[in-house]
Amino acid sequence: TYYMRLKAYDTSGNLSAGYSNESSATATNTPPDTLITAPTGATTLTTSPQLITGTATDTVAVGAAEISIKRQSANYWWNGSAWVSGSQAWLSATITSGQNTPAANWLYSWNLPASDGGGYIIYARAADDVPEYDATPAQVTVTVDNVAPTGSILINNGDTYVTTSAVTLNLSAADGAGVAEMRFSDDNLAWSPWEPYGVTKSFNLLSGDGTQTAYVQYRDGDLNASLVYNDTIFVDSAAPASFISAPGDYITTDTVALVWNGVDPAPAAGMAAYDIQSRFENGPWTDWTTNTVQNSGIFTAANGEGRYDWRIRSRDNAGNQESYRTLPDETVTVDWTSPTDPTSFTSLDSTGTWLDHNQITLNWSADSADPVSGVDGYSVDWDNSPTPANPPVKNVNYGQITTLSPVLADGNNWWAHLRTVDKAGNWTSTKTIGPFFIDTIAPTTDLSSIPSAPNGANGWYNTTTPDRKSTRLNSSHTD
């Protein structure tokens, strides 16, 4: 306690006669009290900069305020530009009102560090004008979470193709504070409401075939939203169409070269594989090849001659599969046996005899046969040899049993050759008829060459005509 008394002087320098009454005062040495008003304890901070505010009171005057921030994970202190270890670092706050008065307000602008749910302690102290600092700084513990979740998305576990717009999304996300919610979009424009986080989601893509995209966004409990993640998949809902072909309707060997292919309607996932079945003579269908990626193959006619059928189905890369058709897609008759010739092959004109006409009618019986592919027709060929000189060419249809020869030149060596062919192209050996002698030129006689007296029997004169055939001339004379 201090005691005081006073004397006074006037402007002329006159001093009062005595001291005033005694008064006393007690001096105190009490620092200010400090309070943090924001943020409050147990608050999660997500936005930056974060304003730390508070008040300070003093019995005399508040002169300054300071804050200190400690990162709990490593007990580091913020020095205004970096986190450092060691002794506590204090940073000046701004007195916003009441400086050098008993009550003041202060603030500090804190640029939050990148933190995914880390804990921080904020300390604050004020000083009076001495300065004497608050010996029991105010403090609050907060959480800083300004880091959004990270994640991923797969459609149907990463499949490349799908046959329908209804899919399953496979989801994964992580966050230090925990992933709380997710939302979805099919165009990255319109979004579904936020819903609790899960690892799968049934989802409908945009309608229509082609490349489609699913979008997802995650957020944590502090509403930090992630980037938008997406995955694409090719939608192909249409089955492909396939076809198979053989070299012809009839084959004369025991192997058939088959060729097949398919078309996947656009937008297409593309052809993947084929299944082919075969059957013999309307028997049961059996698998010939399955899941092949080839487009050709050699089929062996293990059942011998007869009719073989094939049918085909295909799949595309999305898994669309066409159905087998009820009727065959391709049919081939395997026939390597020659047909039988007609049993008779004749002409109304005699062979070995001179004929005065140059077209000859040929006839044959209607009993040629082929039990597998059937008789297709005949080759009728004329030449000057008892063995055919030319390969057979079908020029008479099956069912016809007579034909007229072309105009034949005069001569004595015409032969007709008949060969039968079936629908597979197998030819028989040759049936031959001949020779036919053709003479359509009238003879001429040179009377100057007649002998002077009959030189043949019964008074005949024998002479030779220019056509080299023997001619007899009979002459009588009556006186």
Side-chain angles (χ1 to χ4, degrees), residues 26-150 174-181 219-225:
T26 302
T28 61
N29 191 24
T30 302
D33 287 326
T34 312
L35 178 66
I36 298 173
T37 57
T40 58
T43 299
T44 298
L45 309 181
T46 60
T47 59
S48 187
Q50 184 71 37
L51 293 181
I52 304 171
T53 61
T55 62
T57 58
D58 187 73
T59 57
V60 179
V62 176
E66 295 179 334
I67 62 100
S68 180
I69 305 172
K70 181 172 72 172
R71 189 174 70 194
Q72 287 183 303
S73 61
N75 291 324
Y76 276 29
W77 299 94
W78 179 245
N79 69 1
S81 60
W83 295 95
V84 296
S85 61
S87 59
Q88 186 172 10
W90 287 95
L91 304 169
S92 294
T94 300
I95 301 295
T96 58
S97 64
Q99 190 168 19
N100 297 322
T101 69
N105 296 302
W106 56 267
L107 68 79
Y108 180 83
S109 180
W110 181 27
N111 289 320
L112 298 180
S115 177
D116 198 5
Y120 296 82
I121 302 175
I122 302 172
Y123 300 90
R125 69 181 184 181
D128 58 21
D129 56 351
V130 174
E132 291 179 305
Y133 285 93
D134 188 350
T136 56
Q139 70 178 62
V140 294
T141 300
V142 297
T143 299
V144 175
D145 183 7
N146 56 6
V147 175
T150 57
D175 185 85
V179 181
E181 296 176 310
R219 70 180 181 183
D220 59 23
D222 299 317
L223 305 184
N224 294 300

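For the numbers below, each heavy atom of this structure counts, side chains included, while hydrogens, waters and symmetry mates do not.
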>> The test is side-chain contact (heavy atoms from CB on, under 4.5 Å); show your working for Gln72 and Thr141 and say whether it passes.
In response: CA-CA 9 Å; Gln72 287 183 303; Thr141 300; 4.0 Å; yes
How long is the span from the [atom1] atom in [X] to the [atom2] atom in [Y], to the nearest 0.5 Å?
X      : Y      : atom1 : atom2 : answer
Asn146 : Gln50  : CG    : CD    : 10.0 Å
Thr53  : Tyr108 : OG1   : OH    : 14.5 Å
Asp128 : Asn100 : CG    : CG    : 10.0 Å
Thr136 : Asp33  : OG1   : CG    : 6.5 Å

Is [X] reaching over with its side chain to a backbone N or O of [Y], donor-acceptor style, under 3.5 angstrom?
X      : Y      : value
Asp129 : Pro131 : no
Asn75  : Lys70  : no
Ser115 : Val144 : yes
Ser68  : Ala89  : yes
Gln99  : Gly63  : yes
Asn224 : Pro149 : no
Thr94  : Thr96  : no

Give me the atom names and distance for the closest heavy-atom approach of [X] to [Y].
X      : Y      : result
Pro31  : Ala135 : CG-N, 4.5 Å
Pro102 : Val60  : CG-O, 3.3 Å
Ile95  : Ala104 : CG2-CB, 4.2 Å
Asn111 : Pro49  : OD1-CB, 3.3 Å

>> Using the ring-ring contact (aromatic ring centres under 6.0 Å, His included) criterion, which residues pair with Trp77? Sequence neighbours excluded.
In response: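 In terms of ring-ring contact (aromatic ring centres under 6.0 Å, His included), with neighbours along the sequence ignored, Trp77 is linked to Tyr123.
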[X]-[Y] side chain donor-acceptor pair, cut-off 3.5 Å:
X     : Y      : answer
Ser97 : Asn105 : yes
Ser81 : Asn79  : yes
Thr46 : Asp222 : no

>> Tell me whether the rings of Trp83 and Tyr120 are parallel (<30°), tilted (30 to 60°) or perpendicular (>60°).
In response: tilted
> side chain to side chain contact (heavy atoms under 4.5 Å, CB included) with Asp145: which of Leu112, Asp175, Leu45, Leu223?
Replying inline: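 It is Asp175, the one option of Leu112, Asp175, Leu45, Leu223 that forms the side chain to side chain contact (heavy atoms under 4.5 Å, CB included) with Asp145.
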>> Among Thr37, Ile67, Val62, Leu35, exactly one meets side chain to side chain contact (heavy atoms under 4.5 Å, CB included) together with Trp106. Which residue is that?
In response: Ile67
>> Do Trp90 and Pro137 have side chains that approach each other closer than 4.5 Å (heavy atoms only, starting at C-beta)?
In response: yes
